[in-house]
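Taking it in order: structure first as structure tokens, then the write-up.
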Amino acid sequence: MMLFLSLDTQWQIGAMGEVIGLNYAGVEAVFRIKRFKNRAELFDDLQIMERAAVTVFREQRAKK
């Protein structure tokens, strides 16, 4: 969860203002800077959280 929260500046936004997903180059940089060891497992978990967050962002956008 702390990894996910530390990536709050790494969201990619499309031309129409929609959230596309995380910038994976930024994710890799955070892995290196914070010296995470189990990167493959963390990345899998991160993608699950990313998909859930993108779904929520899109649902909120559709309500506007």
Side-chain angles (χ1 to χ4, degrees):
M1 187 64 179
M2 295 307 296
L3 169 62
F4 183 77
L5 294 174
S6 69
L7 295 168
D8 64 334
T9 61
Q10 296 304 314
W11 289 99
Q12 295 186 58
I13 309 298
M16 301 293 289
E18 74 281 10
V19 175
I20 296 171
L22 286 168
N23 171 0
Y24 289 159
V27 171
E28 176 60 27
V30 170
F31 277 149
R32 282 186 277 111
I33 291 166
K34 297 202 178 235
R35 298 182 179 167
F36 286 109
K37 297 188 188 306
N38 54 339
R39 294 179 185 183
E41 182 181 336
L42 285 173
F43 188 74
D44 290 342
D45 293 343
L46 180 63
Q47 284 189 305
I48 291 168
M49 290 184 273
E50 176 190 28
R51 281 190 293 273
V54 168
T55 298
V56 170
F57 291 144
R58 289 180 180 164
E59 287 171 354
Q60 288 177 346
R61 186 172 168 82
K63 290 179 183 178
K64 291 181 178 180

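Computed from heavy atoms alone, side chains included, the values below leave out hydrogens, waters and symmetry copies.
- Take Gln12 and apply the side-chain hydrogen bond (donor to acceptor under 3.5 Å, both in side chains) test, not counting sequence neighbours, and it matches no residue.
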Enumerate, atom names and distances included, each donor-acceptor pair closer than 3.5 Å involving a side-chain atom of residues 30-42, sequence neighbours excluded.
from, atom 1, to, atom 2, distance (Å)
Arg39, NE, Phe36, O, 3.2
Arg39, NH1, Glu28, OE2, 3.1

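- With contacts defined as side-chain heavy-atom distances shorter than 4.5 Å, the pair Leu46/Leu7 qualifies.
- Under the 4.5 Å side-chain criterion, counting only non-hydrogen atoms from C-beta, Ile20 is not in contact with Ile13.
- Residue Val19 is not grouped with residue Ile48 when hydrophobic side chains (ILVMFWY) are merged at heavy-atom distances under 4.5 angstrom, including chains of intermediate members.
- Atom OG1 of residue Thr55 and atom CD of residue Gln60 lie 11.0 Å apart, to the nearest 0.5 angstrom.
- Within the structure, every pair that satisfies the ring pair (Phe, Tyr, Trp, His ring centres under 6.0 Å) test and touches residues 37-64, not counting sequence neighbours, is listed here: Trp11-Phe57, Tyr24-Phe43.
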